[in-house]
Amino acid sequence: MKQFGLSSKERIKSKNEFDLVYSAGEILFSSSQKFKAVFFIQRESEPSGIKTAFAVSRKSGIAVWRNRIKRLLRESYRLNKKEICSEAVIKKMRVFIVFSPNTINQKNSRKILLKEVMPEVNDLMNKIRTRL
RNA sequence: GAUUCGUGUUGAGCAGUUGUCCCCGAUUAUUAUCGGGGGAGGAAAGUCCGAACUCCGCAGAACGAAGUGCCGGGUAACUCCCGGGGUGCUGAUUUAUUUGGUACACGGAAAGUGCCACAGAAAAAAUACUUCCUGUUGAUGGCGGGCUAAGCCCACCAAAGGCGGGUAAAGGUGAAAUGGCAGGGUAAGAGCCUACCGCUUCAAUAGUAAUAUUGAAGGCAGGGCAAACCCCACUUGGUGCAAGGUCAAGCAGAAGGUUUCCCGAGUAUAUUCUCGGGACAAGGUUGUUCGCCUUGAACUCCUUCGGGUAGACCGCUGGAUCCCGAAAGUAAUUUCGGGACAAGAUAAAUAACUGCUGCCCUCGACUUCACUCGGGGGGACAGAAUUCGGCUUACAGACACGGAUCAUUU
RNA sequence: GCGGGAGUAACUCAGUUGGCUAGAGUCACAGCCUUCCAAGCUGUUGGUCGCGGGUUCGAGUCCCGUCUCCCGCU
């Protein structure tokens, strides 16, 4: 497995898994309330690992803006996923995480940069690690 | 050279690191790794039109509904494009004229129905009303005469009003008023007559046509609204890739509905079996009806309720395709020749970051400006989802062409 | 992706076949009533009829374009 990669096997793609996360999962907010993460932990299961997805509501902006938010969220997770992945494998759990923007939308921040998104995502990942 | 408008083209480049979707190849052997190649737009947007393609329906006809609407051409087709005509607005110029720009849903109001508030005599029927002119009557008034004065009588003049006739010119209100203006004419007036302008009809000429020009005739027929109903001509069946098809996996079925009858033939026989015809019934018929089709019985048809799956593949990208050149045509466009292959995802890839160059803005330094150096900031609108042709809307900057205005030089 | 619907006062809605100054209730403000408050009564304020064009003498209404919001279809 690549150190900084994010292949299709590490992403949530089926409708069943999404239903599981949204019906049984918990919600966490970042410190500035701009982003949120919905996650669900399955203990003592094989194969272990983490699967993620990045969801943006249609109401928060136009297609170009929504695509950029998803790319920045994915980039932030991809570059920092190493520690949380290894911890999940050691504890033998399957973890599903969905990252989404919460209060942020196209009207209040038309331009957004990676250095604004990265600390927020790190904050969310650290909060999830304490729950493992 | 500057500003502004219109049309067209374009929509920063190079390098590095990390990542992702598709295809090809190799290794490995069912899980990956490595290498190579490709990976958003002029609007991909809005979904406003038109098609391809799909399934459903379909012998056909009538009715309905929707759309389009000057003429000709282009196109697979069009609420599109090109060319021409007409009307309105506007500019230039001139003796007359001629011409540029721009907008137009631009068939029909002497087939019918409806509406036209307020104001106004009247809003579509042309008549009534007022006024005007005139005949008659004449309250009353004036002047004159007669009888002695008051008063009465006679004649004449003026005249409110009444009754009858003529006329539709005038009525100033309105968005819109029954051809306009001038002259004649008349009791007053009137296309009643005449000239000019406008209108209608017919003919000739030019043009494929819309239409234009010229001539003759008619003395004028008639308001507006059809983006009100409508009439005329033309076009259109419905459905949209979440269409539709194949495979895999998976569960559980239940209730209800329906009419048969008659005639003929076949075989030894026929209420019973088979075939054909007719009647009747039920169902289907994707706008409605006629008609058409299926069935005459049920594990199989129809209706209602309930249960399961939501994975893979095809459709899927080579096409009314794009580029270059030549020819035809005023043009839209077409034909011929040569060349190219250019995303195909599905919780949805096409990216993120850094550096340099180039463009624009701003601040600072020698400092009056320019040049130069350094710091900071900006770089639009916007993201394929079956595919094409248009339309509409959004858009920083750059380039080319054309028009207008201003300044300078020759 | 495809197909439908809506937009009128701060809020909830009317507005007929195009016609006179676009109405009703709630809210707000002022006055009356009450010792005071509430309730009640009277009056007032508040509108780019989402936006831009067109047809018409005249448009909230008819037509075209556009913006925003809502709903349905596996």
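Lettering of chains follows the sequences in order, A, B, ..., and the numbering in each one begins at 1.
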S.K.: May I ask which nucleotide in the shown strands pairs with rU3(B), Watson-Crick or G-U wobble, both distances under 3.5 Å?
M.R.: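 Matched rU3(B) with rA404(B) under the 3.5 Å cut-off.
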
S.K.: Taking the nucleotide of RNA chain B with the nearest heavy atom to each, does E75(A) or D19(A) sit closer to the 5' end?
M.R.: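 Going by which nucleotide is closer to the 5' end, it is D19(A).
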
S.K.: Nearest-Å distance, CG (L73(A)) to P (rA348(B))?
M.R.: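 These atoms are roughly 12 Å apart.
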
S.K.: To the nearest angstrom, how far is K82(A) atom NZ from rU18(B) atom P?
M.R.: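 Roughly 15 Å, once rounded to whole Å.
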
S.K.: Establish, with yes or no, whether the OP1 or OP2 oxygen of rU350(B) is under 4.0 angstrom from a side-chain nitrogen or oxygen of R74(A).
M.R.: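 Yes, such a contact exists.
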
S.K.: Check for a donor-acceptor pair, side chain of R78(A) on one end and backbone N or O of F4(A) on the other, with a separation under 3.5 Å.
M.R.: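 Such a contact is found between R78(A) side chain and F4(A) backbone.
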
S.K.: What's the closest nucleotide to the R71(A) side chain, out of rA382(B), rC21(B), rA40(B)?
M.R.: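 Closest nucleotide among those given: rA40(B).
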
S.K.: Which one is paired to rA332(B), where only Watson-Crick or G-U wobble pairs with both distances under 3.5 angstrom count?
M.R.: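 Answer to the pairing question: none, since rA332(B) forms no Watson-Crick or G-U pair.
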
S.K.: Between which residue ranges does RNA chain C form stems of three or more consecutive Watson-Crick or G-U wobble pairs, both distances under 3.5 Å?
M.R.: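 The stems that RNA chain C takes part in, listed by first number, are C:1-7 with C:67-73, C:10-13 with C:23-26, C:28-32 with C:40-44, C:50-54 with C:62-66.
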
S.K.: How far does CD1 of I84(A) sit from CD1 of I97(A), to the nearest 0.5 angstrom?
M.R.: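 It comes to 5.0 Å.
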
S.K.: Counting side-chain heavy atoms from CB outward, which of rC353(B), rG383(B), rU20(B) is closest to L114(A)?
M.R.: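 For L114(A), the side-chain atoms sit closest to rC353(B).
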
S.K.: Can you tell me the base-pairing partner of rC359(B)? Count Watson-Crick or G-U wobble geometry only, both distances below 3.5 Å, and say none if there is no partner.
M.R.: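 Base partner found: rG378(B).
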
S.K.: Using the P atom as the point on both nucleotides, what is the distance between rC262(B) and rU272(B), in whole Å?
M.R.: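 Going atom to atom, P in each nucleotide, I get 10 Å.
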
S.K.: Compare the minimum distances between each of rA348(B), rA382(B), rC353(B) and the side chain of V64(A), then state the nucleotide with the smallest one.
M.R.: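 Within the option list, the nearest is rA382(B).
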
S.K.: Among the nucleotides rC21(B), rC353(B), rA382(B), which one has an atom lying closest to any side-chain atom of R68(A)?
M.R.: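 Among rC21(B), rC353(B), rA382(B), the one nearest the side chain of R68(A) is rC353(B).
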
S.K.: Verify, without hydrogens or angle tests, whether S60(A) (side chain) and N105(A) (backbone) share a donor-acceptor contact under 3.5 angstrom.
M.R.: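 No: the side chain of S60(A) does not pair with the backbone of N105(A).
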
S.K.: Stacking check: are the rings of F18(A) and rA347(B) less than 5.5 Å apart at their centres and under 30 degrees in tilt?
M.R.: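 Here the ring of F18(A) and the base of rA347(B) are stacked, with centres under 5.5 Å and planes under 30°.
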
S.K.: For rU317(B), measure the glycosidic angle (O4'-C1'-N9-C4 for a purine, O4'-C1'-N1-C2 for a pyrimidine) and name it syn if it falls within 90° of 0, otherwise anti.
M.R.: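 Here rU317(B) takes the syn form, which means its glycosidic angle is within 90° of 0.
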
S.K.: Would a 4.5 Å heavy-atom cut-off, applied to side chains only, mark V98(A) and S100(A) as touching?
M.R.: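 Touching, per the 4.5 Å side-chain cut-off.
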
S.K.: Within the supplied structure, the quantity of interest is the number of heavy atoms (other residues, nucleotides, ligands) at a distance under 6.0 Å from E83(A) CD; does it exceed 12?
M.R.: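 Atom CD in E83(A) is not crowded, with 12 or fewer foreign heavy atoms closer than 6.0 Å.
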
S.K.: With a cut-off of less than 4.0 Å, is there a side-chain N or O of R78(A) near OP1 or OP2 of rU20(B)?
M.R.: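 Negative; the distance criterion is not met.
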
S.K.: Could you tell me whether K9(A) contacts a base, only the sugar-phosphate backbone, or nothing, with contacts defined as non-hydrogen atoms closer than 4.0 Å?
M.R.: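 It contacts sugar-phosphate atoms only.
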
S.K.: Going by distance alone, is a donor N or O of one side chain under 3.5 Å from an acceptor N or O of the other, for E120(A) and S32(A)?
M.R.: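 Yes, S32(A) and E120(A) have a side-chain donor paired with an acceptor closer than 3.5 Å.
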
S.K.: Would you say the side-chain atoms of N80(A) pair up with the backbone N or O of N122(A), donor to acceptor, closer than 3.5 Å?
M.R.: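 Side chain of N80(A) to backbone of N122(A): no pair is present.
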
S.K.: Syn or anti for rA40(B), with syn set at within 90° of 0?
M.R.: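 This nucleotide is in syn.
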
S.K.: Please give the distance between the C1' atoms of rC118(B) and rA226(B) as a whole number of Å.
M.R.: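 rC118(B) and rA226(B) have their C1' atoms separated by 26 Å.
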
S.K.: Is rG42(B) syn or anti, taking syn as a glycosidic angle within 90° of 0?
M.R.: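 Nucleotide rG42(B) adopts syn.
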
S.K.: Tell me the partner of rA92(B), counting only Watson-Crick (N1-N3 plus N6-O4 or O6-N4) or G-U wobble (N1-O2 and O6-N3) with both under 3.5 Å; none if nothing fits.
M.R.: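 Looking at the geometry, rA92(B) pairs with rU98(B).
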
S.K.: Taking rG8(B) as the reference, what is the distance to rC14(B) when you measure between their C1' atoms (whole Å, please)?
M.R.: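 rC14(B) and rG8(B) have their C1' atoms separated by 30 Å.
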
S.K.: For rG41(B) versus rU30(B), give the span between their C1' atoms, rounded off to a whole number of Å.
M.R.: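 The same atom, C1', in both gives a distance of 41 Å.
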
S.K.: Is K111(A) close enough to rG379(B) that one of its side-chain N or O atoms is under 4.0 Å from OP1 or OP2 there?
M.R.: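 The answer is yes; a side-chain N or O of K111(A) sits under 4.0 Å from OP1 or OP2.
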
S.K.: Classify the glycosidic conformation of rA124(B) as syn or anti, calling it syn when the angle lies within 90° of 0.
M.R.: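 Anti for rA124(B); the angle lies over 90° from 0.
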
S.K.: If you draw a 6.0 Å radius around NZ in K34(A), do more than 12 non-hydrogen atoms from other residues or ligands fall strictly inside?
M.R.: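 Not more than 12 within 6.0 Å, no.
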
S.K.: Across all strands shown, which nucleotide pairs with rA51(B) by Watson-Crick or G-U wobble geometry, both distances under 3.5 Å?
M.R.: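 rU387(B) - that is the nucleotide pairing with rA51(B), both distances being under 3.5 Å.
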
S.K.: Taking S86(A) for its side chain and K82(A) for its backbone only, find out whether a donor-acceptor pair lies under 3.5 Å.
M.R.: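 Looks like yes, one N/O pair under 3.5 Å.
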
S.K.: Let me know the distance between CG of N80(A) and P of rA352(B), rounded to the nearest Å.
M.R.: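 Taking atom P of rA352(B) as the reference, CG of N80(A) is at 18 Å.
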
S.K.: Nearest of rA40(B), rA384(B), rA32(B) to any side-chain atom of A63(A)?
M.R.: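 Per side-chain heavy atoms of A63(A), the pick is rA384(B).
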
S.K.: Output the rounded distance in Å from CZ (R11(A)) to C1' (rG19(B)).
M.R.: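 In whole Å, rG19(B) C1' and R11(A) CZ are 11 Å from each other.
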
S.K.: P atom, rU12(C) versus rG19(C): distance in rounded Å?
M.R.: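 Taking atom P in both rU12(C) and rG19(C), they lie 26 Å apart.
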
S.K.: What integer number of Å spans the C1' atoms of rC234(B) and rC78(B)?
M.R.: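 Roughly 14 Å separates the two C1' atoms.
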
S.K.: To the nearest angstrom, how far is I97(A) atom CD1 from rA347(B) atom C1'?
M.R.: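 Computing the I97(A):CD1 to rA347(B):C1' distance gives 16 Å.
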
S.K.: Could you tell me the separation between the CH2 atom of W65(A) and the C1' atom of rA351(B), rounded to a whole number of Å?
M.R.: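 Spelled out: CH2 on W65(A) to C1' on rA351(B) is 17 Å.
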
S.K.: Taking the side chain of N67(A) as its heavy atoms from C-beta onward, which of rA40(B), rA352(B), rU18(B) lies nearest to it?
M.R.: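 Nearest to the side chain of N67(A) among the choices is rA40(B).
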
S.K.: For the P atoms, the ones on rC69(C) and on rG383(B), what distance do you get once it is rounded to whole angstrom?
M.R.: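 It comes out at 14 Å once rounded to the nearest Å.
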
S.K.: Between rA45(B) atom P and Q106(A) atom CD, what is the distance in whole Å?
M.R.: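 Whole-Å distance recorded here is 17 Å.
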
S.K.: How are the rings of F99(A) and Y77(A) set to each other: parallel, tilted or perpendicular (split at 30° and 60°)?
M.R.: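 Plane angle between 30° and 60°, so tilted.
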
S.K.: Is a side-chain donor or acceptor of R43(A) paired with a backbone partner of M93(A) at a separation under 3.5 angstrom?
M.R.: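 No.
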
S.K.: For atom C1', what is the distance between rA176(B) and rA209(B), given to the nearest Å?
M.R.: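 After rounding to an integer number of Å, I get 36 Å for this pair.
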
S.K.: Please confirm whether the backbone N or O of P119(A) pairs with a side-chain atom of D123(A), one donor and one acceptor, at under 3.5 Å?
M.R.: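 Not confirmed, D123(A) side chain does not pair with P119(A) backbone.
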
S.K.: Please determine, for rG296(B), whether a Watson-Crick or G-U wobble partner exists with both distances under 3.5 Å, and give it or none.
M.R.: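 Because both required distances fall under 3.5 Å, rG296(B) counts as paired with rC280(B).
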
S.K.: For a quick check, with a 4.0 angstrom heavy-atom cut-off, what is the B/S/- contact string for nucleotides 309-314 of chain B, read 5' to 3'?
M.R.: ------

S.K.: Any donor and acceptor pair, going by atom type alone, linking the side chain of K127(A) with main-chain N or O of F29(A) inside 3.5 Å?
M.R.: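 Judged by distance alone, yes, a pair lies under 3.5 Å.
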
S.K.: Calculate the interatomic distance between I112(A) atom CD1 and rA351(B) atom C1'; express it in whole Å.
M.R.: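 It works out to 16 Å between those atoms.
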
S.K.: So what's rA351(B) paired with, Watson-Crick or G-U wobble, going by both distances under 3.5 Å?
M.R.: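 Base partner found: rU18(B).
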
S.K.: Could you please name the partner base of rG135(B), counting Watson-Crick and G-U wobble pairs only when both distances are under 3.5 Å?
M.R.: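 Per the H-bond distance test, rC163(B).
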
